[in-house]
Trainee: 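One structure is given below, represented as structure tokens, and several questions about it will come after.
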Amino acid sequence: MKLNRNELRKIQYDFNSCSNRLLQADYEDYTGVLGKFLKYIEDTPIIIDYINGCGSCDWNLDEEVKAVQASYGRTIFSTGDTDEEEVRNVFAVLRYLVDKNNSIYRGIAMGYSSSSSFQDKIKGFNERFVMVLIRHVERYLTKIGIDMGLDDKVIYNVTVQSGQAIIATDNATVTATNQVGVDIGELKKLIADVQSAANTLTSEEKETVSECLEVIESEVAAEKPKKGMLKTAMATLSAIKGATEFGAAVASLVQFATVFI
């Protein structure tokens, strides 16, 4: 497929948004939200080509899922020994669960948390299983962005072979890019998501988060953002080790703000 850096950023932003929604989904809505997450992946060629390029899952999914479901929390899914195995196996299991309309929290997720709370079990399932796929896709998209370089005007041909992106410039086609406008409403929402997810942090960490968010909000809205300050604030925020929801909220905000660097 052909795309430039701005188009790639939009894909990264949308993927982070879909991932964040899944990670924050209520346990009763989880299977439906998971289905929408998988549909986004399948409708986005650069992502589904990567997953397909990692090969086909050779598990007997009927038996694997039945074993975990019937173990009452004593068994969880393996993922694989290589990156490619992890990508294809996790994706295949999630697609199977959605196709079978499995409630997930009632049996599958039981072994992912010792808590009796269904919401905690879904959180554990996300952190220990779903995040494996999310991190691989995030890393893949980031590497493509690095390989593309800094020129927003160049359109690239991106193909996938054995799970690896092959990138070539299309010198015959150049697109004009306009200055990206600031969606203040979206910015404030992303900042509010980070603030909400920061409630489990220490007082010192919360203070650091507040300072970083203040810098990001002011610089992104500025006519000429101070790129050094923006990069520092984003790096500091990303380095804070919080819960899964906090990391996902920060990733969405950083992806949004990266456009202005």
Side-chain angles (χ1 to χ4, degrees), residues 1 8 11-12 14-23 25 27 29-113 118 121-144 158-167 244 247-248 251:
M1 65 174 295
L8 176 64
I11 291 171
Q12 289 176 301
D14 287 341
F15 179 74
N16 285 336
S17 295
C18 290
S19 300
N20 192 36
R21 181 183 180 187
L22 178 63
L23 296 174
Y27 70 90
D29 304 327
Y30 186 77
T31 304
V33 178
L34 177 59
K36 293 176 181 177
F37 172 74
L38 296 180
K39 185 178 187 304
Y40 171 76
I41 287 177
E42 291 164 343
D43 289 345
T44 306
I46 194 172
I47 300 179
I48 193 60
D49 285 352
Y50 164 62
I51 293 173
N52 290 337
C54 289
S56 299
C57 176
D58 58 4
W59 291 357
N60 184 321
L61 291 173
D62 284 328
E63 292 184 0
E64 290 285 340
V65 171
K66 183 178 180 180
V68 174
Q69 185 90 32
S71 73
Y72 298 100
R74 295 187 298 274
T75 303
I76 62 175
F77 294 113
S78 61
T79 54
D81 296 325
T82 67
D83 290 350
E84 289 76 16
E85 288 178 357
E86 288 186 336
V87 170
R88 67 190 184 226
N89 292 340
V90 173
F91 181 80
V93 169
L94 297 180
R95 172 40 70 196
Y96 180 92
L97 294 175
V98 169
D99 288 345
K100 297 297 184 180
N101 198 30
N102 190 296
S103 61
I104 300 178
Y105 71 88
R106 289 185 179 276
I108 294 298
M110 297 293 285
Y112 287 89
S113 172
F118 285 141
K121 293 184 182 302
I122 286 295
K123 180 181 178 183
F125 180 71
N126 278 333
E127 292 178 344
R128 299 172 62 186
F129 192 70
V130 180
M131 283 299 296
V132 172
L133 176 64
I134 290 175
R135 292 303 186 207
H136 279 305
V137 173
E138 287 178 339
R139 186 175 65 176
Y140 166 72
L141 294 176
T142 299
K143 285 182 176 180
I144 290 178
V158 182
T159 57
V160 180
Q161 296 180 10
S162 301
Q164 299 296 315
I166 309 300
I167 302 174
T244 303

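Bear in mind the structure is a predicted one, so any value in this text is a computation, not a measurement.
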Trainee: How far apart are the closest heavy atoms of I11 and Y40, and which atoms are they?
Mentor: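 For I11 versus Y40, the nearest heavy atoms are O-OH, 3.2 Å.
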Trainee: Minimum heavy-atom separation for K121 to M110, with atom names?
Mentor: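 The pair with the smallest heavy-atom distance is NZ-O, 3.3 Å.
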Trainee: Does F15 reach the side chain of T44, with side-chain heavy atoms less than 4.5 Å apart?
Mentor: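 Answer no - side chains too far apart.
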Trainee: Quick one: pull up CG in D14 and OG in S19 and give me the separation to the nearest 0.5 Å.
Mentor: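 Going from CG on D14 over to OG on S19, the span is 10.5 Å.
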Trainee: Supply the atom-to-atom distance I47 CD1 to H136 NE2, rounded to the nearest 0.5 angstrom.
Mentor: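 Result: 14.5 Å between the selected atoms.
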Trainee: Relative to the ring of F118, is the ring of Y27 parallel (under 30°), tilted (30 to 60°) or perpendicular (over 60°)?
Mentor: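 Taking F118 first and then Y27, their aromatic rings sit tilted (interplane angle of 30° to 60°).
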Trainee: So I76 and Y112, do their side chains get closer than 4.5 Å, heavy atoms only?
Mentor: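 A side-chain contact exists here, since the closest heavy-atom pair is under 4.5 Å.
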Trainee: Taking the side chain as every heavy atom from C-beta outward, state whether I134 and N126 have any pair of such atoms under 4.5 Å apart.
Mentor: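 Result no, sub-4.5 Å side-chain heavy-atom pair not found.
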Trainee: Would you call R95-D99 a salt bridge at under 4.0 Å N-O?
Mentor: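 Between D99 and R95 there is a salt bridge, with a charged N closer than 4.0 Å to a carboxylate O.
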Trainee: Before you tell me yes or no, could you show the steps for M131 and L23 under side-chain contact (heavy atoms from CB on, under 4.5 Å), namely the whole-Å CA-CA distance, both residues' side-chain angles and the distance that decides it to 0.1 Å?
Mentor: CA-CA 9 Å; M131 283 299 296; L23 296 174; 3.8 Å; yes
Trainee: How far apart are the closest heavy atoms of A109 and F125, and which atoms are they?
Mentor: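 Nearest heavy atoms, A109 then F125: CB-CB, 4.0 Å.
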Trainee: Enter the distance from D81:CG to E86:CD here, rounded to the nearest 0.5 Å.
Mentor: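 The distance works out to 8.5 Å.
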Trainee: Has R88 got a side-chain atom pairing as donor or acceptor with G55's backbone, closer than 3.5 angstrom?
Mentor: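 Not at all, since once roles are kept as given, no pair shorter than 3.5 Å links the two residues.
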Trainee: Can you tell if the side chain of V93 reaches within under 4.5 Å of the side chain of E64, non-hydrogen atoms only?
Mentor: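 They are not in contact (no side-chain heavy atoms under 4.5 Å apart), so the answer is no.
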Trainee: Return the CD to CG distance between E85 and D58, rounded to the nearest 0.5 Å.
Mentor: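 So the gap between those two atoms works out to 7.5 Å.
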Trainee: Could you check whether any side-chain heavy atom of V65 comes within less than 4.5 Å of a side-chain heavy atom of I108, counting everything from C-beta outward?
Mentor: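 They are in side-chain contact.
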Trainee: Decide yes or no for Y140 and V87: does some side-chain heavy atom of the first lie under 4.5 Å from some side-chain heavy atom of the second?
Mentor: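 No - every pair of side-chain heavy atoms lies 4.5 Å or more apart.
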Trainee: About how many Å separate OG of S78 and CZ of F129, when rounded to the nearest 0.5 Å?
Mentor: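 So the CZ of F129 and the OG of S78 are separated by 8.0 Å.
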Trainee: To the nearest 0.5 Å, what is the distance between CD1 on I144 and CD1 on I46?
Mentor: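 That separation rounds to 3.5 Å.
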Trainee: Taking all non-hydrogen atoms of both residues into account, name the closest pair between D62 and K100 and its distance.
Mentor: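 Shortest heavy-atom separation between D62 and K100 comes out as OD1-CE, 4.5 Å.
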Trainee: Among side-chain atoms of N102 and Y96, is any donor-acceptor pair under 3.5 angstrom?
Mentor: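 The answer is no; no qualifying pair exists.
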Trainee: Just checking Y105 against Y30, ring centres under 6.0 Å apart?
Mentor: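 Y105 vs Y30: aromatic centres not under 6.0 Å.
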Trainee: Is a side-chain donor or acceptor of D29 paired with a backbone partner of A25 at a separation under 3.5 angstrom?
Mentor: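 Checked: no pair found.
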Trainee: Which heavy atom of G107 sits nearest to which heavy atom of Q69, and what is that distance?
Mentor: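 So the two residues come closest at CA-NE2, 3.6 Å.
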Trainee: What are the two closest heavy atoms between L133 and V90, and how far apart are they?
Mentor: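 Where L133 meets V90 most closely, the heavy atoms are CB-CG1, 3.7 Å.
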Trainee: Is E42 paired with K39 through a side-chain N to carboxylate O contact shorter than 4.0 Å?
Mentor: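 Salt bridge flag = no for E42 with K39.
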Trainee: Show, in sequence, the C-alpha distance, side-chain angles and deciding distance for V132 and N89, and conclude whether the side-chain contact (heavy atoms from CB on, under 4.5 Å) test is met.
Mentor: CA-CA 10 Å; V132 172; N89 292 340; over 6 Å; no
Trainee: Answer yes or no: is there a donor N or O on one side and an acceptor on the other, between the side chain of N20 and the main chain of N16, under 3.5 Å?
Mentor: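 Looks like no, no N/O pair under 3.5 Å.
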Trainee: Can you tell if the side chain of K36 reaches within under 4.5 Å of the side chain of L22, non-hydrogen atoms only?
Mentor: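 Side-chain contact under 4.5 Å: no.
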